[in-house]
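Taking it in order: structure first as structure tokens, then the write-up.
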Amino acid sequence: MKKEVNLSEKLKQYFGFDKFKGDQEAIVRNVLAGKDTFVLMPTGGGKSLCYQLPSLIMEGTAIVISPLIALMKNQVDVINGMNEEDGVAHYLNSSLNKAAIDQVKADITSGKTKLLYVAPESLTKEEYVEFLKTCSISFYAIDEAHCISEWGHDFRPEYRRIRPIVNEIGKAPIIALTATATDKVRTDIKKSLGIMDATEFRSSFNRPNLYYEVRPKTKEIDKQIVRFIRQNGGKSGIIYCLSRKKVEELAAVLCANEIKAAPYHAGLDSQTRSETQDAFLMERIDVIVATIAFGMGIDKPDVRFVIHYDIPKSLEGYYQETGRAGRDGGEGRCIAFYSYKDLQKLEKFMEGKPVAEQDIGRQLLQETAAYAESSVCRRKLLLHYFGEEYTKENCENCDNCLHPKKKIEGQKQLLIVLQAIQRIKEDFRTDYVIDFICGHATEDIIAHKHDQLEEFGMGEDEDPKLWNPTIRQAIIAGFLKKDVENYGLLKLTPAGKRFMKHPEPFMIVEDHEFNEDEDDEANEAHGSALDPTLYSMLKDLRLKMARKKGLPPYVIFMDGSLEQMATIYPVTLEELQNIQGVGAGKARKFGKEFVELIKRHCDENDIERPEDLRVRTVAKKSMLKVKIIQSIDRQVALDDIANAQGLEFEELLDELEAIVYSGTKINIDYFLEEVMDDDHVDDIFDYFSESDTDSLNAAMDELGDEYSEDEIRLVRIKFLSEVAN
């Protein structure tokens, strides 16, 4: 008779833990019993132990299929570190040379290796398949199993080939594990792996220690992030950006502000990525700025914040990435920045993909937008998305619950929605339903002849901003459901049909409005903080310096630059370079007396300078500006430069003005000699030498119709470059 394994003893022996978490013990027993197993467990719940422990107990080698090389190395090091001899765990992937591969094979053949991590791409290699056919396989573990599903947030086509390969190597029980999966994704995973009868273990998705917040994304985002990290000094955090370029730029801004940060993305070589990851784990750096390539399987329990610089493509991705915060049960702050423009950008990226893929992508994006814009408890929304009900009214740990919006009675609106959906035969998506309710005769609606129905436009007198939240909150309340597999069509539930017969009170919360012009409003508010006394003193100093140097005052600093100085009080040349229109050259040439005056004014009047100022920006190595300057150095005609960079000529002039106003010298004489009369150049140059203003309108009035606007702008660029820089 087979001796019963004492799992608690084995847990203590191998991992040093006194007791299992959640469903871990039941999962391990299921695997030991040779049954197919499906595990849905949030990040930080202890998924890896569910296959690591049985692999150490069972005969043979367990094959763990995992998508990330970094994750494999991390876990292999952990397992080997727990055992007296190396070789208990190995990985096979593209990073190994032939000698290393031979060693792995020898350790497996000798029976020493209990766990073999393989990337799905490596698993399909013929030489590995032939070798593994000769081995004793205890079971297969498919980690990050959501990668199998096109509806998952990280679909990988090679995951679809796992089942056929498993059949070829030799059948053994399968355990599939994922931290995020909706009902649709769960079914997909089980179907694809051929484990429809697997025992299913689902843990709660609720992470009570995580605080969720969505903020509007404005031009001040970098400053907000720097300030947030400073307020959480020394704490570990991850910032996710969608593009590699933004990762590099933001990491540079953080470093410029003395924050220990590093970039991480797939474009960096593997050694750099590995060193950055180790530096983060060993706490030599506090913050990683990364694309989603970072974090899967990284076992760092004390990540205290996860920031999403860009809104993620799906709620599953968002949930998994935020799940890397507070894995030790301690504080975890999850902040996402949202802008409607980002959403449009992500939709644009989908163009050119197969129609079915675009459709899935758009549906996933709409769910993310709904999460960001909604004023309902964020925890309730997230858990509902994963098929779990959260019954508390207020979670007390998200921005919407801590700062609740007023609820309004929405019984009438809900009735209109339910009647509309019933009338159009439950066969359309949210956008269509709202157009029908509001009486928008779109092409689609006319094609279906729904504009001829009596109910068409029955909600046109209501506030149009209420329909989205009404539909979303009706779904959460169980009056409607979204048929995800069928293009997200809205269907009535039995509760919805009952509501239509016997309406009852239904409270709704209006959505947040993310105003795209918030920056401008903020800037106007900023402008109102201008210090008039200092502004007047700065203008006097500019005039004095202009007379001394025989220059028009605007050549030294523009009015806008002085206004900013009188608002945010720069007191070093480095800080002065953060002022618009002031580059390094201009700061060095004219800045010393200005920052001394500002410092004196602050000291004498006990002025507390705004925190904003201490956020240093990094000179954006704008490739466009660099390319323009390089082309001018090679004396390429300006109209040719504009064509090469895809700019209108006026746009090129805007760029040239920005370059010279910030203090960089350029020489466009070669172009002026080609396109302008020498006398015209001299006349315009002389005008600016004597004028008190650089205003284009004033110059055109003074110089008359003989000179075109482009000519005046070109000579103004020459003048500023030669005289001011």
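Just so you know, residue 1 is the first one in the sequence shown, and it goes up from there.
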Problem set entry | For Cys241 against Val289, the heavy-atom pair lying closest together | SG-CG1, 3.9 Å
Exercise. Can you check whether Leu647's main-chain N or O pairs, donor with acceptor, with Glu651's side chain at less than 3.5 Å?
Worked result: no
For this session: Tell me yes or no: between the side chains of Gln358 and Arg362, is some donor less than 3.5 Å from an acceptor?
Result: yes
Exercise. Is Glu657 salt-bridged to Arg716, going by a charged N under 4.0 Å from an acidic O?
Worked result: yes
Seminar exercise, completed: When rounded to the nearest 0.5 Å, the distance separating CD of Gln473 from CE of Met507 is 10.5 Å
Exercise. In chain order, what residues pass the salt bridge (charged side-chain N to carboxylate O under 4.0 Å, His left out) check against Glu331, with sequence neighbours excluded?
Worked result: Lys235
Problem set entry | Test: Lys217 and Asp342 ion pair at under 4.0 Å | yes
Seminar exercise, completed: Nearest heavy-atom contact between Ser374 and Asn400 is O-ND2, 2.9 Å
For this session: Could you tell me whether Arg713 and Asp654 have a side-chain N and a carboxylate O separated by less than 4.0 Å?
Result: yes
Problem set entry | Pair Glu347-Gln366, side-chain donor/acceptor within less than 3.5 Å | no
Seminar exercise, completed: Between the CZ atom in Arg542 and the CG atom in Asp559, the distance rounded to the nearest 0.5 Å is 4.5 Å
For this session: Using the test side-chain contact (heavy atoms from CB on, under 4.5 Å), find all partners of Thr430 that sit at least two apart in sequence or belong to another chain.
Result: Ile434, Asn468, Ile471, Lys482, Leu490
Exercise. Can a donor-acceptor pair be found between the side chains of Thr178 and His146 at a distance below 3.5 Å?
Worked result: yes
Problem set entry | Ile666 side chain reached by Ile717 side chain, heavy atoms, under 4.5 Å | yes
Exercise. Does the side chain of Gln271 pick up a donor-acceptor pair with the side chain of Glu275 at under 3.5 Å?
Worked result: yes
For this session: Can you spot which of Tyr338, Tyr371, Phe337, Tyr240 makes a ring-ring contact (aromatic ring centres under 6.0 Å, His included) with His308?
Result: Tyr240
For this session: Ignoring hydrogens and angles, tell me if any N or O in the side chain of Thr664 forms a donor-acceptor pair with the backbone of Val660 under 3.5 Å.
Result: no
For this session: Measure from the side-chain N and O atoms of Asp531 to the backbone N and O of Thr567, and report whether any donor-acceptor pair falls under 3.5 Å.
Result: no
Problem set entry | Salt bridge Glu510-Lys407, side-chain N to carboxylate O under 4.0 Å | no
For this session: Apply the test side chain to side chain contact (heavy atoms under 4.5 Å, CB included) to residues His601 and Met537: give CA-CA distance (whole Å), side-chain angles for both, the deciding distance (0.1 Å), then the verdict.
Result: CA-CA 9 Å; His601 178 74; Met537 289 158 72; 4.0 Å; yes
For this session: Please tell me if the side chains of Ile225 and Leu254 come closer than 4.5 Å, counting only heavy atoms from C-beta onward.
Result: yes
Exercise. Taking everything shown except Arg588 itself, do over 12 heavy atoms lie less than 6.0 Å from its CZ?
Worked result: no
For this session: Compare all side-chain heavy atoms of Glu373 with those of Arg472 and state whether any distance is below 4.5 angstrom.
Result: yes
For this session: Heavy atoms only: give me the nearest Ala266-Thr291 pair and the separation to one decimal.
Result: N-OG1, 4.3 Å
For this session: Mark yes or no for whether Lys380, through its side chain, and Tyr390, through its backbone, hold a donor-acceptor pair below 3.5 Å.
Result: yes
Problem set entry | Heavy-atom donor-acceptor pair, Arg207 side chain to Ala325 backbone, under 3.5 Å | yes
Exercise. If only atom types and distance count, is the side chain of Asn394 paired as donor or acceptor with the main-chain N or O of Glu396 below 3.5 Å?
Worked result: yes
For this session: Apply side-chain contact (heavy atoms from CB on, under 4.5 Å) to Ser204 and list each qualifying residue two or more places apart in sequence or on a separate chain.
Result: Asn206, Glu388
For this session: Quick one: closest heavy-atom pair of Pro263 and Glu248, and the distance?
Result: CG-OE1, 4.1 Å
For this session: Please assess Glu283 against Asp302 for the test side chain to side chain contact (heavy atoms under 4.5 Å, CB included), listing each intermediate value before the final yes or no.
Result: CA-CA 10 Å; Glu283 300 189 355; Asp302 60 345; 3.1 Å; yes
Exercise. Is Glu563 salt-bridged to Lys539, going by a charged N under 4.0 Å from an acidic O?
Worked result: no
Exercise. Can you find a pair of side-chain heavy atoms, one from Ile239 and one from Ile229, that are under 4.5 Å apart?
Worked result: yes
For this session: Grab the two heavy atoms, one from Arg273 and one from Tyr264, that are nearest each other, plus how far apart they are.
Result: O-CE1, 3.4 Å
Exercise. Within the side chain of Ser274, is there an N or O that forms a donor-acceptor pair under 3.5 Å with the backbone of Ser270?
Worked result: no
Exercise. Mind checking whether Arg304 and Arg333 have side chains closer than 4.5 Å, heavy atoms only?
Worked result: no
Problem set entry | Under-4.0 Å salt bridge between Arg600 and Glu596 | no
Seminar exercise, completed: In short, Ala262 meets Ala251 closest at the heavy-atom pair C-CB, 4.2 Å
Problem set entry | Heavy-atom donor-acceptor pair, Asn209 side chain to Gly326 backbone, under 3.5 Å | yes
Seminar exercise, completed: Sorted by chain and residue number, the side-chain contact (heavy atoms from CB on, under 4.5 Å) partners of His384 (sequence neighbours excluded) come out as Ile475, Ile476
Exercise. Any side-chain heavy atom of Leu576 sitting closer than 4.5 Å to one from Val571?
Worked result: no
For this session: Could you tell me whether Lys599 and Asp603 have a side-chain N and a carboxylate O separated by less than 4.0 Å?
Result: yes
Exercise. If you draw a 6.0 Å radius around NZ in Lys405, do more than 12 non-hydrogen atoms from other residues or ligands fall strictly inside?
Worked result: yes
For this session: Kindly compute the distance separating OH (Tyr211) from CG (Asn397), expressed to the nearest 0.5 Å.
Result: 8.0 Å
Exercise. Under a 4.0 Å N-O cut-off, is there an ion pair linking Asp511 with Lys465?
Worked result: no
Seminar exercise, completed: Hits for ring-ring contact (aromatic ring centres under 6.0 Å, His included) against Phe205, two or more places apart or cross-chain, chain-then-number order -> Tyr319, Phe386
Problem set entry | Sidechain N-carboxylate O distance under 4.0 Å for Arg429, Asp435 | no
Exercise. Would you find a donor on one side and an acceptor on the other, under 3.5 Å apart, between the side chain of Ser536 and the backbone of Pro532?
Worked result: no
Exercise. What is the distance from atom CG of Leu562 to atom CZ of Phe557, rounded to the nearest 0.5 Å?
Worked result: 7.5 Å
For this session: Would you sort out whether Lys246 and Asp310 count as a salt bridge (charged side-chain N to carboxylate O under 4.0 Å, His left out), showing the intermediate values?
Result: CA-CA 10 Å; Lys246 182 45 72 183; Asp310 307 288; over 6 Å; no
For this session: Report the distance from atom CG of Leu381 to atom CD of Glu367, rounding to the nearest 0.5 Å.
Result: 10.0 Å
For this session: Report yes or no: does Asp606 contribute a side-chain atom to a donor-acceptor pair with the main-chain N or O of Cys602 at less than 3.5 Å?
Result: no
Problem set entry | Any Leu268 side-chain heavy atom under 4.5 Å of His265 side chain | yes
Exercise. Out of curiosity, Met558 CE to Asp694 CG, how far, rounded to the nearest 0.5 Å?
Worked result: 7.5 Å
Problem set entry | Beyond-backbone contact of Leu573 with Val595, side-chain heavy atoms, under 4.5 angstrom | yes
Problem set entry | All ring-ring contact (aromatic ring centres under 6.0 Å, His included) counterparts of Tyr554, not counting sequence neighbours | none
